[in-house]
Novice: 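After the structure tokens below, expect a handful of questions from me.
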Amino acid sequence: MLIKKPADIRPSEITPPEWYARRREFLKGAAVLGAAALLPPVLRGNLARAADDDLKPTPYKDVTSYNNFYEFGPSKTDPAENAGSLKTSPWSVTVEGHCEKPGQYALEDFLAPHPPEERIYRLRCVEAWSMVVPWLGIPLGQILPRFQPTASAKYVEFTTLLDPAQMPGQRTQLLDWPYVEGLRMDEAMHPLTLLATGLYGKELPNQNGAPLRLVTPWKYGFKSIKSIVKIRFTEQQPRTTWASEGPSEYGFYANVNPAVDHPRWSQKKERRVGDFFRRDTLLFNGYAEQVAGLYAGMDLRKDF
Ligand code: MTE
């Protein structure tokens, strides 16, 4: 795990100049949207977090060199070293299952109704190490209705590319390939859930899941499936990779929850990459106001 001592961190790494430019853009973008007061509450809350100095973005260098992407090897430095072999163009996304408009879409067509200027910035942290990342993407809830999910669509399942020729990790038994993740329909439609196409205002680097990856800001990092080639509407809860590998350790919901310990470690504290000290982990990663209602009546110790 890459933990830097404060003395190792140059001030320019902590607050990169491009971030200040981006941050101005982000805030200006919000102003263009019609001032924060006019935003739906969920985006307003997000904006509040974005303006919070406690959410200083993790330096680009760390976001793109300390990764989990087992298709390119199990160590945190493997993806940046090996993911160059992934060919992200041409790319297509297959939509199937309980919907009226299934099909195979070239990535350009899949994204076409959402031109780059409409893609939004959003910050969030991820576990197991935590990071603050200025993502660029499209709310998934704006994309899914185009395929007209039917009343039987209770969940959305996502699948990563399966191609051992390009992904050396898939030539091993490290995981049961391909990587699969899933969300309940209301989680998928929540305005905080993004299909990310970039970070720091640039295209997604391969190691971060190019050309298309999921970002669910209130969940642990393993939910954030990378390099997605398939989206399937299902009636049953999808069998997700980590919940299958270790059902007692990784639940389907994966909500950030300091009150529920992982069987092998406490989840009360987290260390942000680049920080020296650990900080308190926030319920739902600080987005409780926006997402707690999704889980009303559920026992989050059981549905962890
Ligand atoms: N997606 C695929 N296809 N393969 C993976 O191994 N790892 C997950 C998730 N998405 C993974 C994946 C895990 S465990 C984490 S913590 C995040 O990606 C890490 O995202 P990052 O490298 O962009 O920080």
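What you see below is based on every heavy atom in this structure, not just the backbone, and it leaves out hydrogens, waters and symmetry mates. When a ligand or atom number is given, it counts from 1 through the structure's own listing order. Quick note: residue numbers are just sequence positions, from 1.
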Novice: Identify the two heavy atoms, one from Leu86 and one from Asn206, that lie closest to each other, and give their separation to 0.1 Å.
Specialist: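 Reported closest heavy-atom pair: O-ND2, 3.2 Å.
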Novice: Which of the atoms of ligand 1 are close to Tyr70, meaning less than 4.0 Å from one of its heavy atoms?
Specialist: 5 (C), 6 (O)
Novice: Where's the contact between Glu71 and ligand 1, heavy-atom distance under 4.0 Å: side chain, backbone, both or neither?
Specialist: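 The side chain, only.
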Novice: To which of Asp62, Thr159, Asn68 does the heavy atom nearest atom 19 (C) of ligand 1 belong?
Specialist: Asn68
Novice: Side chain, backbone, both or neither: which applies to Arg213 and ligand 1 if a contact is any heavy-atom pair less than 4.0 Å apart?
Specialist: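 The side chain, only.
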Novice: Do you know which of Thr193, Asn257, Asn285, Asn255 makes side-chain hydrogen bond (donor to acceptor under 3.5 Å, both in side chains) with Lys219?
Specialist: Asn255
Novice: Between Tyr295 and Phe284, does the ring centre distance come in under 6.0 Å?
Specialist: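 Under 6.0 Å, so yes.
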Novice: Testing Arg272, Arg279, Arg271 one by one against Asp275 for a side-chain hydrogen bond (donor to acceptor under 3.5 Å, both in side chains), which residue passes?
Specialist: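 Per the side-chain hydrogen bond (donor to acceptor under 3.5 Å, both in side chains) rule, the option paired with Asp275 is Arg279, out of Arg272, Arg279, Arg271.
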Novice: Measuring from the heavy atoms of Ser227, does anything fall under 4.0 Å of ligand 1?
Specialist: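 For ligand 1, residue contact (heavy atoms, under 4.0 Å) with Ser227 is absent.
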Novice: Should you measure from each heavy atom of Thr160, which atoms of ligand 1 turn up under 4.0 Å away?
Specialist: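 In order of number, 3 (N).
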Novice: Between Met167 and Phe69, is the side-chain contact (heavy atoms from CB on, under 4.5 Å) condition met? List the steps.
Specialist: CA-CA 10 Å; Met167 297 175 139; Phe69 199 169; 4.1 Å; yes
Novice: Ligand 1 and Lys226, any nitrogen or oxygen pair closer than 3.5 angstrom?
Specialist: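 Looking only at distances, the answer is yes, because the N/O contact criterion of under 3.5 Å is met.
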Novice: Just checking, is any N or O donor in the side chain of Trp242 or Tyr220 under 3.5 Å from an acceptor N or O on the other one?
Specialist: no
Novice: If you measure from the Lys or Arg side-chain nitrogens to the Asp or Glu carboxylate oxygens, is any gap between Lys268 and Asp280 under 4.0 Å?
Specialist: no
Novice: Is ligand 1 under 4.0 Å from a heavy atom in the side chain of Tyr179, in the backbone, in both, or in neither?
Specialist: side chain
Novice: Between Asn67 and ligand 1, which residue portion shows a heavy-atom distance shorter than 4.0 Å: side chain, backbone, both, or neither?
Specialist: both
